[in-house]
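Everything on this sheet refers to the single structure shown next.
For ligands, and for the atoms within them, numbers begin at 1 and follow the listed sequence.
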Amino acid sequence: MEKVDVITIGAGGGAYPGAFELSKAGKKVVMVDTKGVMSGNCLSEGCIPSKTIREIAVMLLRSKRFTSYGIGVNTFADYSKIIEHKDAVQQARYAMHSRELSVFPGLELVKGRAEIQDNHHVLVHTDSDSKEYCADYMIIASGSESSRPSIEGIEYCIDSSDIYSLNPTIRQVPARMTIIGGGYIGLETASMFAALGSKVTLLEFMPRVLSNMDEDFVSGLVSLLDPSIEILTSASVTHIVDDGKVKRTSFIFNGKEREVESDVVLCATGRRPVIPEGADKIGIKRTKMGITVDTSMRTNIDNIYATGDVNGLKPLFHAAVRMSLVAAHNILSGSKTSDYVDLLSIPTTIFTIPGGAVVGVTRNDASGIKLIEGHYRFEGDSRAQIFGETGGEIRLFFDAMTTKLVGGWVVGIDAGNLIGEIAAALSLGAKAIDLANLANQHPMASEGISAAAREIV
Ligand code: ADP
């Protein structure tokens with residue numbers, strides 16, 4: 001048995017930034033991960049590979065648009081080369097992470113599966129044997145995994161890892177793609193594969209896609225997506241058949257059974273938390289969404305924290321990073337809580353083409369708060385005009401009593417970047433006048449942030 005200060009279950013975004021912080025403070029830390037590498041699902045099959053393909057798809061669409069203006073640019077993309085580049089980006093980041101790890105002498109990464117024994121003991125099963133660790137503190141950062149509904153023929157579907165993992169099974173752009181699920185993974189994949197040439201049909205069970213997000217935001221975003229993507233909502237998939245040549249997905253739509261044929265069916269019906277073995281045995285409280293924590297990231301057991309996707313609060317890599325730092329700071333401050341996660345200031349971006357991004361409180365979830373809004377439409381934005389991408393807008397929401405920024409969303413050009421500045425302003429407690437007085441750089445779309453604030457002050 002080895003004694004350590006802190007053990008993390010998982011070595012993804014919910015674990016390693018905090019582990020680095022603890023190691024810098026002189027703690028002995030062991031991270032255990034079944035993958036044996038840092039960065040979890042984000043790098044192995046999530047954000048990094050999907051955004052690598054996405055940015056190439058964005059470039060391709062821009063090239064096609066410029067070509068339509070009579071400017072000759074290359075509009076051909078070889079998908080096998082796209083995969084090569086995606087794999088190279090992933091490999092480069094794995095190499096970078098292993099160099100980062102070597103900087104911390106008190107930090108070890110063990111390849112294995114962690115099983116919780118009691119509040120302080122974890123058994124790690126490696127390929128060759130099992131080893132027990134005794135830790136003062138535990139950080140559970142075991143992430144999430146794709147969850148599939150029990151539909152007849154679901155085994156004929158791929159999931160996002162078949163597209164985004166290293167050396168993926170999907171090696172060419174399917175002529176026709178059916179996507180089950182209108183969450184962010186389904187929509188992003190629909191957008192990029194439509195840009196690469198697939199005819200995409202997306203089936204969503206709920207009456208609208210992104211059903212848990214602000215309605216105005218979602219309708220603004222959907223109106224800008226490639227109209228060749230057929231999005232059918234309130235569509236309930238009943239079964240999938242594979243006859244060896246094509247896959248037929250049957251679904252009930254408007255009370256009638258319909259069928260769509262495709263070469264690939266992607267199941268993007270959501271993710272569920274990965275609960276490590278032994279967590280239930282020691283009484284860690286959880287719901288279907290994940291392990292229950294407060295904003296200090298502590299579970300119901302004092303020395304055990306749960307960060308990242310596994311707590312279900314905000315299953316995004318950057319949220320996991322912030323959560324792992326909060327857990328580390330609270331471990332370092334002992335029984336006194338010194339740091340909290342402010343969930344409202346963590347932005348969410350949907351990387352469709354164009355993208356959409358949200359932070360804080362928006363019109364449809366502002367129960368009890370009277371809001372005033374500032375708008376900026378990209379129609380008149382110089383950068384949007386340069387790219388010919390003038391659809392969409394920035395919307396900022398302020399508390400009517402205090403003029404304090406409480407939230408915002410962006411649909412259209414540079415959404416994922418713009419939301420960063422809005423989130424920073426929100427977390428720093430900016431008022432409308434603070435934003436209105438910024439000299440946002442010309443000719444960048446961020447000019448719209450101060451312009452939107454100037455609408456109301
Ligand atoms: P997060 O962003 O929330 O940290 P990730 O999915 O990026 O989530 O990382 C979680 C990591 O935890 C994954 O690499 C996964 O393989 C690993 N993992 C899950 N369960 C266990 C376990 N019982 N023991 C060790 N590693 C685990």
Worksheet entry | Heavy-atom side-chain proximity of I331 to I139 below 4.5 angstrom | yes

Discussion item. Could you check whether E389 pairs with R383 (Lys NZ or Arg NE/NH1/NH2 to Asp/Glu carboxylate O, under 4.0 Å)?
Written reply: no

Worksheet item: Which of parallel (below 30°), tilted (30 to 60°) and perpendicular (above 60°) describes F20 and F104?
Response: parallel

Item to complete: Starting from atom 24 (N) of ligand 1, find the nearest protein heavy-atom neighbour and note its residue, name and distance.
Response: A114 N, 2.8 Å

Worksheet item: Of the choices I139, D33, V122, T307, which has the non-hydrogen atom that lies closest to atom 14 (O) of ligand 1?
Response: D33

Fill in: Test of proximity, R113 against ligand 1: N or O pairs below 3.5 Å
no

Worksheet, complete the sentence: Of all protein heavy atoms, the one nearest atom 25 (C) of ligand 1 is G112 O, 3.3 Å

Discussion item. Closer than 4.0 Å to some heavy atom of G308 - which atoms of ligand 1 meet that?
Written reply: 3 (O)

Item to complete: From the options G10, A141, G40, select the one whose nearest heavy atom is closest to atom 10 (C) of ligand 1.
Response: A141

Fill in: Ligand-side contact atoms (ligand 1) for residue partner V32, heavy atom cut-off under 4.0 Å
25 (C), 26 (N)

Item to complete: May I ask you to list the atoms of ligand 1 that are less than 4.0 angstrom from any heavy atom of I9?
Response: 22 (C), 23 (N), 24 (N)

Response to the item:
Closest heavy-atom approach to atom 5 (P) of ligand 1 among N41, I140, V124 is made by N41

Worksheet item: So does D280 pair up with R286, basic N to acidic O under 4.0 Å?
Response: yes

Discussion item. For E84, is there an ion pair with K86 - N to carboxylate O distance below 4.0 angstrom?
Written reply: no

Discussion item. Any salt bridge linking E155 with R148? Criterion: basic side-chain nitrogen under 4.0 Å from a carboxylate oxygen.
Written reply: no

Worksheet item: To which of K35, K111, K314, R271 does the heavy atom nearest atom 13 (C) of ligand 1 belong?
Response: K35

Item to complete: Starting from atom 8 (O) of ligand 1, find the nearest protein heavy-atom neighbour and note its residue, name and distance.
Response: G143 CA, 3.3 Å

Fill in: Shortest protein contact, atom 2 (O) of ligand 1 (heavy atom only)
A320 CB, 3.6 Å

Discussion item. Considering non-hydrogen atoms of the protein only, which is the closest contact for atom 4 (O) of ligand 1, and what is the distance?
Written reply: G14 N, 2.7 Å

Discussion item. Just to be sure I'm reading this right: ignoring hydrogens, which of L43, T34, T8 gets closest to atom 16 (O) of ligand 1? Compare them by their nearest heavy atoms.
Written reply: T34

Discussion item. Looking at K28 and E108, is any side-chain nitrogen of the basic one under 4.0 Å from a carboxylate oxygen of the acidic one?
Written reply: no

Worksheet entry | Carboxylate-amine/guanidinium proximity below 4.0 Å for R363 and E373 | yes

Discussion item. Checking a contact table here: which protein heavy atom is nearest atom 19 (C) of ligand 1, and how many Å away?
Written reply: S142 O, 3.3 Å

Worksheet item: With a 3.5 Å cut-off and no angle check, do the side chains of S147 and R272 form a donor-acceptor pair?
Response: no

Discussion item. Between H97 and Y16, is the ring centroid distance below 6.0 Å?
Written reply: yes

